[in-house]
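Every heavy atom of this structure was used, including side-chain atoms; hydrogens, water molecules and symmetry mates were not. Each ligand, and each atom within it, is numbered from 1 in the order the structure gives. Just so you know, these numbers come straight off a predicted model, no measurement behind them.
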Amino acid sequence: MSPLPAPASLPDDLARHLRRLRPDAAIIILTGAGISRESGLHTFRDADGIWAQVRLEDVATPGAFARDPDKVQGFYNARRQALLDPAVQPNPAHHALARLEREWQGPVLLVTQNVDDLHDRAGSTDLIAMHGELMKARCTECGGLHPWTGDLSDTDTCPACGRVGYLRPHIVWFGEMPLFMDRIGDALEAMEPNDLFISIGTSGNVYPAAGFVAEARAAGAVTVEVNLEATDGAHLFHSGLYGPASQTVPALVDALLAIR
Ligand code: APR
């Protein structure tokens, strides 16, 4: 069967690239803070972003935690509470990606740099949280991982080993190795020509995630950037789709699911 043309609402060059895809192509999606912006969560590097309000060196490194654990815990406690605000819900972009995973004939792997749980809540299941998860605490003594909805402090007890004062946010800080890199590397390496790599709502400033597009492209995959605006790395992608994620991502998913 020949593929249907992608809907006219997509830019011509993007529609042209999507026509190369088989209906069962492997898809790898990388998301960043921009996909959760319309759910009410801040990005990092936009003008109103988190790193404009606080220095990352003060709250997001192992050194910062060693120097001032209360400050670091306080920063993540506030972000955890913000995520629990009932107004913060998955938006149409998160839901569209969950729908893509359910309805696409091939494998769909979602890799997120976000530590919020909005992909999870939207129903994505083949999901890798490479920078950790805000709603979990990790014991630095026994390695135990625990669901955590309240505040964390140095008086908390690890539910696994019973030691007091060793729980930290389950967050990958600058200078630490992102999680599940082997699985992500294997998936990128297994990409074949005319598979698809999509990067959504990330500025492409932080490695190793920022390097995934080059790996996907080296494997022959079609690469698409989806963002509010073209990033500095836009030239690394075959094509781009620009606008608010709550509109662009459902449009892209509709176009993909129309491929037969
Ligand atoms: N729709 C689509 N994209 C958006 C939207 C939106 N509504 N709003 C903002 N964006 C885009 C911005 O244009 C920007 O390119 O989202 C991107 C957010 O970039 P960053 O703030 O740098 O976030 P991210 O790329 O996820 O950061 C990577 O840096 O600080 C660390 O560990 C943190 O995981 C994070 C990593």
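At least one heavy atom of Val206 sits under 4.0 Å from some atom of ligand 1. Using a non-hydrogen distance threshold of 4.0 Å, Gly49 does not register as a contact of ligand 1.
A cation-pi arrangement, defined by a distance under 6.0 Å to the six-membered ring centre and an angle within 45 degrees of its axis, is absent between Arg99 and Trp104.
Counting the atoms of ligand 1 from 1 in the order shown, those under 4.0 Å from a heavy atom of Pro244 are 1 (N). Atoms of ligand 1 found under 4.0 Å from any heavy atom of Phe174, numbered from 1 in the order shown, are 30 (O), 31 (C). Every atom of ligand 1 with a heavy atom of Trp51 under 4.0 Å away is listed here by number and element: 30 (O).
Here Arg37 has side-chain heavy atoms under 4.0 Å from ligand 1, and that is the only part of it that gets that close. Contact annotation: for Glu38 versus ligand 1, heavy atoms closer than 4.0 Å belong to the side chain alone.
In terms of protein heavy atoms, atom 20 (P) of ligand 1 is closest to Ser203 OG, 3.6 Å. In terms of protein heavy atoms, atom 13 (O) of ligand 1 is closest to Asn227 OD1, 2.7 Å. Among all protein heavy atoms, the one lying closest to atom 35 (C) of ligand 1 is Phe44 CE1, 3.5 Å. Among all protein heavy atoms, the one lying closest to atom 25 (O) of ligand 1 is Thr202 OG1, 2.6 Å. At the top of the distance list for atom 1 (N) of ligand 1, counting protein heavy atoms only, stands Ala245 N, 2.9 Å. Looking only at protein heavy atoms, the nearest one to atom 18 (C) of ligand 1 is Gly201 O, 3.6 Å. Here the heavy atom of the protein found nearest to atom 32 (O) of ligand 1 is His131 ND1, 3.5 Å. When only non-hydrogen protein atoms are considered, atom 3 (N) of ligand 1 lies nearest to Leu228 N, 3.2 Å.
Ligand 1 has no nitrogen or oxygen under 3.5 angstrom from a nitrogen or oxygen of Thr231.
Thr31 and Gln113 share no side-chain donor-acceptor pair at under 3.5 Å. Checking His94 against Ser36 by side-chain atom types alone, a donor-acceptor pair falls below 3.5 Å.
Considering only non-hydrogen atoms, atom 4 (C) of ligand 1 lies nearest to Gly34 out of Ala209, Gly34, Gly32, Ala210. Comparing Ser36, Ala230, Ala60, Ala33 against atom 23 (O) of ligand 1, the shortest heavy-atom distance belongs to Ala33.
Annotation for Leu152: hydrophobic cluster partners, listed by chain and number, are Trp148, Leu167 (ILVMFWY side-chain heavy atoms under 4.5 Å, direct or chained).
One hydrophobic cluster holds both Val224 and Val108 under the rule that ILVMFWY side chains link at heavy-atom gaps under 4.5 Å. No single ILVMFWY cluster, assembled from side-chain heavy atoms under 4.5 Å apart, contains both Ile184 and Leu110. Leu256 and Val213 end up in different hydrophobic clusters when Ile, Leu, Val, Met, Phe, Trp and Tyr side chains are linked at under 4.5 Å.
Enclosure of atom CD in Glu176 by more than 12 non-hydrogen atoms of other residues, nucleotides or ligands within 6.0 angstrom is indicated.
Applying the ring pair (Phe, Tyr, Trp, His ring centres under 6.0 Å) criterion to His238, with sequence neighbours excluded, gives His17.
Checking each of His131, Lys136, Arg138 against His170 for a side-chain hydrogen bond (donor to acceptor under 3.5 Å, both in side chains) leaves exactly one that passes, namely Arg138.
Using cut-offs of 30° and 60° for the angle between ring planes, the Trp51 and Phe75 rings count as parallel.
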